[in-house]
Amino acid sequence: MDTDEDAPTEEPRPTTSTPTRSRTWTPPSEGKQKIRVSGEIIRTGDCVVVRDDNSITWTLTGDQTKDLEVGDRVRVTGAPDLGAKACGGPLVRTTSVTVTRAR
């Protein structure tokens with residue numbers, strides 16, 4: 001019968017503990033990252049909201065949004081402001097809005 005006494009033993013290795021860093025997420029800054037959203041305007045008024053092709057809603061801000069109407073299909077380029085509170089989803093500060101199909 002074999003016993004563990006015959007097996008070579010390994011020296012215990014010292015363990016080092018690395019302090020866990022707290023990761024704080026910082027939203028992209030306005031001028032450094034752009035987002036493109038294509039979808040349909042589902043709400044206007046105090047908030048202009050677009051639902052994209054993945055059923056995600058985005059709140060749009062900017063001068064280009066003032067003439068949009070519910071049902072318009074749009075392509076939007078802008079800067080995400082994921083830290084902002086918005087009424088229809090993450091906020092996009094628009095730099096360009098193209099209506100690809102008016103309602």
Side-chain angles (χ1 to χ4, degrees):
M1 176 173 190
D2 290 333
T3 64
D4 286 345
E5 292 176 23
D6 296 334
T9 59
E10 288 187 28
E11 291 283 323
R13 295 184 183 169
T15 58
T16 58
S17 66
T18 304
T20 306
R21 288 189 207 180
S22 171
R23 290 188 173 203
T24 304
W25 181 78
T26 304
S29 64
E30 192 170 320
K32 294 185 180 179
Q33 188 165 351
K34 290 189 177 182
I35 186 170
R36 289 186 182 91
V37 177
S38 293
E40 185 175 330
I41 300 296
I42 60 169
R43 182 174 164 191
T44 59
D46 291 339
C47 292
V48 176
V49 179
V50 63
R51 179 181 298 127
D52 71 13
D53 296 333
N54 296 312
S55 296
I56 298 170
T57 56
W58 303 84
T59 300
L60 307 178
T61 64
D63 292 336
Q64 301 91 344
T65 65
K66 65 183 176 189
D67 295 327
L68 297 176
E69 296 183 25
V70 172
D72 286 349
R73 182 130 180 101
V74 296
R75 262 194 327 256
V76 177
T77 302
D81 189 348
L82 303 176
K85 300 288 182 192
C87 55
L91 185 70
V92 177
R93 298 183 191 284
T94 61
T95 54
S96 73
V97 175
T98 304
V99 176
T100 58
R101 186 186 76 222
R103 86 180 172 127

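For T94 against T61, the heavy-atom pair with the smallest separation is OG1-O, 2.7 Å. Between E69 and I41 the shortest heavy-atom distance is O-CB, 3.4 Å. In plain terms, the two heavy atoms of P80 and I35 that are nearest each other are CD-CG2, 3.9 Å.
At a threshold of 4.5 Å between non-hydrogen side-chain atoms, the residues E40 and R101 count as touching.
Using a distance-only test at 3.5 Å, with no hydrogens or angles considered, no donor-acceptor pair links the side chain of T77 to the main chain of T95. Not one N or O on the side chain of T57 forms a donor-acceptor pair closer than 3.5 Å with the backbone of V50. Although no hydrogens or angles enter the test, the distance criterion places a donor-acceptor pair under 3.5 Å between the side chain of T59 and the main chain of G88. Remark: side-chain polar atoms of D52 are not paired, donor with acceptor, to backbone N or O of G39 under 3.5 angstrom. A donor-acceptor distance shorter than 3.5 angstrom exists from the side chain of T100 to the backbone of R73, with no hydrogens or angles considered.
Looking at T44, V76, L91 one by one, the single match for side chain to side chain contact (heavy atoms under 4.5 Å, CB included) with L60 turns out to be V76.
Shown here is D53, whose CG atom has more than 12 heavy atoms of other residues, nucleotides or ligands within 6.0 Å. Open room surrounds CZ on R51; 12 or fewer heavy atoms of other groups in view lie less than 6.0 Å from it.
Cluster membership for I56 and I42, using ILVMFWY side-chain heavy atoms within less than 4.5 angstrom, is not shared. V49 and V97 fall into different hydrophobic clusters, where Ile, Leu, Val, Met, Phe, Trp and Tyr side chains are chained together by heavy-atom contacts under 4.5 Å.
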